[in-house]
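Every chain is numbered from 1, with letters handed out A, B, ... down the list of sequences. These values consider heavy atoms only, across backbone and side chains, with no hydrogens, waters or symmetry-generated copies.
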Protein chains: 2
Amino acid sequence: MDVKQAIEILTKKGYKTTGRRKDILAFFEQADGYRTAKDLLQFMEEKYEGISPDTVYRNLHLYAEMKILENTELNGEKHFRMKCTTHHHHHFICSSCGKTKEINVCPMEEVENKLPDYRIEDHKFEIYGLCPSC
Amino acid sequence: MDVKQAIEILTKKGYKTTGRRKDILAFFEQADGYRTAKDLLQFMEEKYEGISPDTVYRNLHLYAEMKILENTELNGEKHFRMKCTTHHHHHFICSSCGKTKEINVCPMEEVENKLPDYRIEDHKFEIYGLCPSC
DNA sequence: TATCATATCGTAATCATTACGATTTGTAAA
DNA sequence: TTTACAAATCGTAATGATTACGATATGATA
């Protein structure tokens with residue numbers, strides 16, 4: 001997912017493309033990993049002095065709902081990153097810098113066979129630790 | 001993990017066995033699944049009128065730190081349950097009632113081979129959905 | 001350029017969690 | 001059993017993240 005694709009989704013669903021929305025997307029595009037709401041708020045405050053926290057959180061939720069961002073809990077805080085648009089996969093997440101590495105292992109097929117009477121709606125498979133540079 | 005084992009751990013590490021601590025453990029022993037801090041607080045207030053929220057949260061963290069409880073995020077809220085003491089495994093978690101089902105699938109060996117330069121510290125593999133009764 | 005629904009602001013409210021001094025209470029030694 | 005003391009809890013306030021909301025500003029479309 002990049003800024004261009006995200007804006008297309010917004011437009012198609014009838015949402016407006018404002019400067020703040022574009023800058024939030026740009027922040028995550030260049031972020032290369034998971035970032036907190038606070039990180040984003042600080043970034044936005046540099047350009048938009050006195051920006052309302054409401055604006056930041058509202059758009060974070062909007063983007064998560066529209067599958068433009070994905071989120072996870074890291075060190076007790078919610079973190080966000082651009083959603084991957086390629087094939088299904090999971091991530092190693094560096095708990096120090098938030099960078100991720102794609103992991104192409106998913107045991108869900110095996111698991112589904114073991115849960116015949118359950119309705120499976122979602123799953124999470126994440127590996128945490130330190131990346132080579134941290 | 002049951003109440004008896006948990007109290008042994010507390011005692012061994014020099015923590016006191018208070019009525020409140022025993023009742024918190026009893027709550028999770030009979031809970032059979034994940035419960036929120038609020039669930040626990042409500043339960044405790046029935047018996048201990050005017051109990052301080054500090055007491056509840058402090059002990060939740062103490063138990064999590066001592067590996068008596070494990071926790072996860074469910075519907076945006078932290079949930080806790082008694083820690084499993086058997087062999088390593090993962091869980092299906094019902095997002096409606098919080099009940100869990102043991103899943104004996106773990107692909108970490110395969111994953112470790114793919115991350116030679118990374119320090120792996122933890123991993124999470126959880127399946128979410130509805131259990132047969134929900 | 002005018003219109004209008006949407007987005008944002010400014011600020012306050014909410015909610016979960018944490019902090020802290022005062023008081024109470026297990027625990028272990030006398 | 002009593003005493004002594006560190007640990008636990010209370011009562012209450014502070015904190016911090018998030019959400020709410022009426023007023024105002026601003027994209028998008030005609």
Nucleotides bounding contact with chain B, strand DNA chain D, heavy-atom threshold 4.0 Å:
dA6(D) to dT12(D)

Where do Y128(A) and E126(A) land on the side chain to side chain donor-acceptor pair (under 3.5 Å) test, with the steps shown first?
CA-CA 7 Å; Y128(A) 311 102; E126(A) 290 177 342; 2.5 Å; yes

Tell me whether F27(A) shares a hydrophobic cluster with L74(A), the cluster being built from Ile, Leu, Val, Met, Phe, Trp, Tyr side chains joined at under 4.5 Å.
no

If we fit an axis to the first five pairs and another to the last five of the helix from dT1(C)-dA30(D) to dA30(C)-dT1(D), what angle do they make, to the nearest 10°?
40°

Contact class for S52(B) (heavy atom, under 4.0 Å): base, sugar-phosphate, or nothing?
base

Can we call the ring centroids of F80(A) and Y34(A) under 6.0 Å apart?
no

Between T11(B) and R21(A), which has a closest nucleotide on DNA chain C that is more 5'?
R21(A)

Side-chain N,O (T18(B)) to OP1/OP2 (dT25(C)) below 4.0 Å:
no

So what does G50(A) touch, heavy atoms closer than 4.0 Å: a base, only the sugar-phosphate, or nothing?
sugar-phosphate

Could you check how far CD of E77(B) sits from C1' of dC15(C), rounded to whole Å?
10 Å

Whether the H123(B) and H90(B) side chains hold a donor-acceptor pair (N or O, under 3.5 Å, no angle test) is what I'd like checked.
yes

Here the residues of residues 54-68 of chain B within 4.0 Å heavy-atom distance, strictly under, of DNA chain D are D54(B), T55(B), R58(B), N59(B)

